[in-house]
Amino acid sequence: MSTAPDPPARAVRISDLARWREAGQRFAMLTAYDAPTARLLEAAGIPVLLVGDSVADAVLGRSGTVGVTLEEMVHHTAAVARGTERALVVADLPFGSYQVTVEDGMRAALRLVGQGGAHAVKAEGAQVELCARLVRAGVPFMGHVGLTPQAVHQLGGYRVQGRDAQAAQRLQREAQELAEAGAFAVVLEAVPAALAAEITAALPVPTIGIGAGAGCDAQVLVTHDLLGLGSGPAPRFVKAYADLAGVITDAATRFREDVARGEFPDAEHAYD
Ligand code: KIV
């Protein structure tokens with residue numbers, strides 16, 4: 001039975017993730033887009049925070065991640081970095097920042113680290129050369145294969161990947177090549193649980209699953225989904241651990257009613 005690793009009192013390093021995997025300790029990653037939420041997640045012992053391009057739908061009101069810009073990613077990464085002291089902050093390379101040339105990707109990643117304060121970057125797909133170049137430049141790289149939302153139009157929607165033998169082999173190969181190129185971890189998104197477990201067993205680095213079953217070394221969720229703040233129907237793999245949408249709506253409704261009745265502010269909340 002796996003125990004959750006105690007996050008160290010110092011800054012979390014990529015070597016901690018490798019150590020936890022070796023010890024069979026499953027760790028958790030959550031997305032964060034702002035300083036106060038990042039502070040709370042760190043206080044809850046979440047060792048890795050992902051400034052995901054999911055900021056687009058979770059926070060910025062877009063549908064899908066394709067429209068988010070590098071400027072926006074730097075802005076949110078800097079907020080998360082300011083809100084944390086120990087968590088490993090990983091920032092997503094947004095759509096369009098790395099697909100044309102490896103040099104573009106290098107420059108974008110260096111901005112996320114240099115200006116945003118990220119400790120590592122993540123990119124979607126088989127970005128093997130970019131991964132190798134960044135690692136050589138001293139920037140830790142997290143891979144992401146399976147359902148890669150930036151490629152939603154090519155994939156024909158948000159659907160489970162790797163269902164047939166050929167697609168499964170391709171996923172295995174991509175994950176392996178990223179690990180060989182120096183990725184310190186690989187996200188597996190929307191992959192059948194048995195395939196994810198196979199990839200995990202074969203890979204020399206931790207896998208982080210989202211919709212990929214319990215056989216991964218770690219799990220990630222979008223924090224807004226975890227907190228019950230998501231908009232629209234959630235995918236099957238999401239488990240809401242709270243209903244913050246209900247809490248917020250209830251608080252705002254009670255405030256509106258108190259104001260209407262003249263009950264807010266009362267004497268306690270006013271200056272003499
Ligand atoms: O942007 C994001 O939130 C992600 C996770 C779903 C892994 O990439």
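These numbers come from the heavy atoms of this one structure, side chains and all, not from hydrogens, waters or symmetry mates. Note that ligands are numbered from 1 as they come in the structure, with each ligand's atoms numbered from 1 the same way. Everything numeric in this text was worked out from a predicted model, so none of it was measured.
The CG atom of Leu50 sits 11.5 Å away from the CG atom of Leu221 when rounded to the nearest 0.5 Å.
Residues in residues 156-167 take part in no side-chain hydrogen bond (donor to acceptor under 3.5 Å, both in side chains) pair, two or more places apart or across chains.
A salt bridge links Arg261 to Asp258: at least one charged side-chain nitrogen sits closer than 4.0 Å to a carboxylate oxygen.
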N/O to N/O under 3.5 Å, ligand 1 against protein:
residue  : atom  : partner : partner atom : Å
ligand 1 : 1 (O) : Asp53   : N            : 3.2
ligand 1 : 1 (O) : Asp53   : OD1          : 2.9
ligand 1 : 1 (O) : Ser54   : N            : 3.1
ligand 1 : 1 (O) : Ser54   : OG           : 3.2
ligand 1 : 1 (O) : Asp92   : OD2          : 3.1
ligand 1 : 3 (O) : Ser54   : OG           : 2.5
ligand 1 : 8 (O) : Lys122  : NZ           : 2.9

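Evaluated for a side-chain hydrogen bond (donor to acceptor under 3.5 Å, both in side chains) with Tyr98, the options Gln150, Glu124, Arg107, Glu103 yield exactly one hit, Gln150.
Ring-centre distance between Phe255 and Phe264: below the 6.0 Å cut-off.
The backbone N or O of Met73 lies less than 3.5 Å from a partner atom in the side chain of Thr77, making a donor-acceptor pair.
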